[in-house]
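Have a look at the structure below before the remarks.
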Amino acid sequence: MKIFSHSDPNYFGFCEALVKSIRYHENEHDLTLLLMDFSDQQKEEVQEKFKNDSKLDFWFVNGEDLGYSINDKVQFYRNCRTRFFLKMLEKYDENLLTLCANGLVWTKLDYIEEDLKENDFVFLERSKKMVYNVPWPSEWVRNIEELSKLVKTHNLDLDDVLEKTTGKVVLLGTHGIQNNEMAKKVISRWREHVENAENLNKWYSDMNLFVKSFIEITDETGYNFKKKTGWDIPREENPYVDTKFTTKKIWFAKGPRKFTHPTYIEKVNFFKKYEYSL
């Protein structure tokens, strides 16, 4: 299993802590960092910082060189990553674990490696409130399959649903992808949807468009994707995405909490001081 994360210069302090938390907990996987719009001096500083990690590669990319109209760099950095997921899957004959830069790892990641042997995808699915006044067995939509059923049963517009609370059924801070042709079809479709000027610069279009791509490829091929997401266990026990900092698995600081939450900031500073050699 390869591990991948990405960052711009403003977020690199978080990304540095993520990488060091991975190594602190004895995860010796090959790790690739996509670093966007780093100056020559910043590149040198990053490489010096991790000079003792022999299993860490850097992909330095200038956003302007990708040929897109960039109006909102924060959203661009988030949304353009799909093409690099696909690049990783095509370059290496291994499964892929992607982690957003605002994460901290508190465990060995072998359990995700095992999950990816049996599943096409690993990520978090979460129950969201039903906001449509239509017949439905509960007040919740719990996963992608239920969302797809809702759309088809009531002839709703998927794009419209994805923009509303009911459609926000995934978080992709942790995103495991088995390296197989069907999973790559989803990632390739995801890239097609994301990579236009409107979506690249749009808040949170990445998660919505992954769900759309998953549903489309399922419908077109009839393939029964296997995924492990923890949708059927209490959210506070989810082993892939913990936004409340209660588990010893993988934390993610959502939104402004990465700048304001004292527990997260304390741990980021702890890991940034960690020295290691691999």
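Note that the numbering runs from 1 along the sequence shown for the chain.
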Any side-chain heavy atom of Leu86 sitting closer than 4.5 Å to one from Ser188? yes
Around atom CD of Glu26, are there more than 12 heavy atoms from other residues, nucleotides or ligands closer than 6.0 Å? no
Checking ring-ring contact (aromatic ring centres under 6.0 Å, His included) against His175, which of Trp190, Phe4, Phe214, Phe252 comes through? Trp190
Distance-only polar pair, side chains of Ser39 and Lys43, donor-acceptor under 3.5 Å: no
When rounded to the nearest 0.5 Å, the distance separating CD1 of Ile3 from CG of Leu56 is 10.5 Å
Other residues, nucleotides, ligands: >12 heavy atoms within 6.0 Å of Glu236 CD: yes
For the residue pair His193 and Leu209, what are the closest heavy atoms and their distance? O-CD1, 3.7 Å
Indicate yes or no: does Glu16 engage Lys20 in a salt bridge with an N to O separation below 4.0 Å. yes
Do Arg191 and Val194 make a side-chain contact, defined as non-hydrogen atoms from C-beta onward lying under 4.5 Å apart? no
So does Glu125 pair up with Arg142, basic N to acidic O under 4.0 Å? no
What I want to find out is whether Arg81 reaches Asp206 closely enough, with some N-O distance under 4.0 Å, to be called a salt bridge. yes
NZ/NE/NH1/NH2 to OD/OE distance under 4.0 Å, Glu90 and Lys87: no
Are the charged groups of Asp242 and Arg235 less than 4.0 angstrom apart, N to O? no
Could you check whether any side-chain heavy atom of Lys152 comes within less than 4.5 Å of a side-chain heavy atom of Asp219, counting everything from C-beta outward? yes
Just do the salt bridge (Lys or Arg N to Asp or Glu O under 4.0 Å) check on Glu195 and Arg83 with the steps written out, would you? CA-CA 9 Å; Glu195 289 201 351; Arg83 68 158 51 192; 2.9 Å; yes
Sequence neighbours excluded - ring pair (Phe, Tyr, Trp, His ring centres under 6.0 Å) pairs with any residue from residues 128-162: none
Among Val105, Val19, Leu104, which one satisfies side chain to side chain contact (heavy atoms under 4.5 Å, CB included) with Leu99? Val105
Same cluster for Leu147 and Val134 if Ile/Leu/Val/Met/Phe/Trp/Tyr side chains link at under 4.5 Å? yes
Salt-bridge contact Glu220-Arg189 (side-chain N to carboxylate O under 4.0 Å): yes
First locate atom CG of Asp57, then atom CE of Met88, and finally report the distance between them rounded to the nearest 0.5 Å. 8.0 Å
Check whether the ring centres of Phe12 and Phe14 lie less than 6.0 Å apart, and answer yes or no. no
Evaluate the ring planes of Tyr24 and Phe271, with Trp represented by its six-membered ring, and classify them as parallel (under 30°), tilted (30 to 60°) or perpendicular (over 60°). perpendicular
Ignoring hydrogens and angles, tell me if any N or O in the side chain of Glu139 forms a donor-acceptor pair with the backbone of Met130 under 3.5 Å. no
Got Phe38 and Val61 here, is their nearest side-chain heavy-atom distance under 4.5 Å? no
For the side chain of Lys168 and the backbone of Leu162, is there at least one donor-acceptor N/O pair under 3.5 Å apart? yes
Check whether any side-chain N or O of Asn27 sits under 3.5 Å from a backbone N or O of Thr107 as a donor-acceptor pair, and report yes or no. yes
Using a 3.5 Å distance criterion without hydrogens, assess whether the side chain of Thr174 forms a donor-acceptor pair with backbone atoms of Tyr240. yes
Quick one: is the NZ or CZ of Lys267 closer than 6.0 Å to the six-membered ring centre of Phe245, and within 45° of its axis? no
Could you tell me whether a side-chain N or O of Thr153 sits under 3.5 Å from a main-chain N or O of Leu150, the two making a donor and an acceptor? no
Does a side-chain heavy-atom distance below 4.5 Å link Thr229 with Leu124? no
Decide whether a cation-pi geometry holds between Lys2 and Tyr92; the criteria are a distance under 6.0 Å from NZ or CZ to the six-membered ring centre and an angle within 45° of the ring axis. yes
Aromatic plane relationship, Trp106 with Trp251 - under 30° parallel, 30 to 60° tilted, over 60° perpendicular: tilted
Could you tell me which non-hydrogen atom of Leu33 sits nearest to which non-hydrogen atom of Cys15, and how far apart they are? CD2-SG, 3.8 Å
Closest non-hydrogen atom pair, Gly13 against Lys272: O-CD, 3.6 Å
Flag if over 12 foreign heavy atoms under 6.0 Å of CG, Asp157: yes
Rounded to the nearest 0.5 Å, what's the gap from NE2 on His29 to CZ on Arg23? Could you check? 9.0 Å
In terms of side-chain geometry, is the basic nitrogen of Lys227 or Asp120 positioned less than 4.0 Å from the acidic oxygen of its partner? no
Compare all side-chain heavy atoms of Leu89 with those of Ile177 and state whether any distance is below 4.5 angstrom. yes
May I have the step-by-step check of side-chain contact (heavy atoms from CB on, under 4.5 Å) for Leu18 and Ser5, ending in yes or no? CA-CA 9 Å; Leu18 167 67; Ser5 189; 3.5 Å; yes
More than 12 non-hydrogen atoms from neighbouring residues, nucleotides or ligands closer than 6.0 Å to NZ on Lys185, yes or no? no
I'd like to know whether NZ of Lys49 has more than 12 heavy-atom contacts from other residues, nucleotides or ligands below 6.0 angstrom. no
Spell out, as yes or no, whether a donor-acceptor pair under 3.5 Å connects the side chain of Tyr11 to the backbone of His6. no
For the CG atom on Asp232, are there more than 12 heavy atoms of other groups (residues, nucleotides or ligands in this structure) within a distance under 6.0 Å? yes
Between Phe210 and Phe123 (judged by ring centroids, cut-off 6.0 Å), do the two rings come close enough to count as a pair? yes
Which residue is it: Asn180, Ile112, Asn179? I am looking for the one with a side chain to side chain contact (heavy atoms under 4.5 Å, CB included) to Asn95. Asn179
Sidechain N-carboxylate O distance under 4.0 Å for Glu146, Lys149: no
Closest heavy-atom contact between Lys254 and Asn102? N-ND2, 4.3 Å
So CZ of Phe259 and CD1 of Ile265: to nearest 0.5 Å the spacing works out to 9.0 Å
Looking only at non-hydrogen atoms, find the nearest pair between Lys249 and Pro239 and report the distance. CB-O, 3.6 Å
Can you tell me how far apart CG (Leu31) and CZ (Phe50) are? Round to the nearest 0.5 Å. 9.0 Å
Between the side chain of Asp53 and the main-chain N/O of Leu278, is any donor-acceptor distance below 3.5 Å? no
Are Val241 and Trp231 connected in the hydrophobic side-chain network, where two residues link if heavy atoms are under 4.5 Å apart? no
Around atom NZ of Lys244, are there more than 12 heavy atoms of other residues, nucleotides or ligands at under 6.0 Å? no
Separation of Asn143 CG from Arg126 CZ (nearest 0.5 Å): 13.5 Å
Can you tell if the side chain of Asn119 reaches within under 4.5 Å of the side chain of Gln178, non-hydrogen atoms only? no
Is there a side-chain contact between Asn238 and Thr247, using heavy atoms and a 4.5 Å cut-off? no
Under 30°, 30 to 60°, or over 60°: which ring-plane class applies to Tyr223 and Phe225, parallel, tilted or perpendicular? perpendicular
Is there a donor-acceptor contact under 3.5 Å linking the side chains of Ser213 and Glu216? no
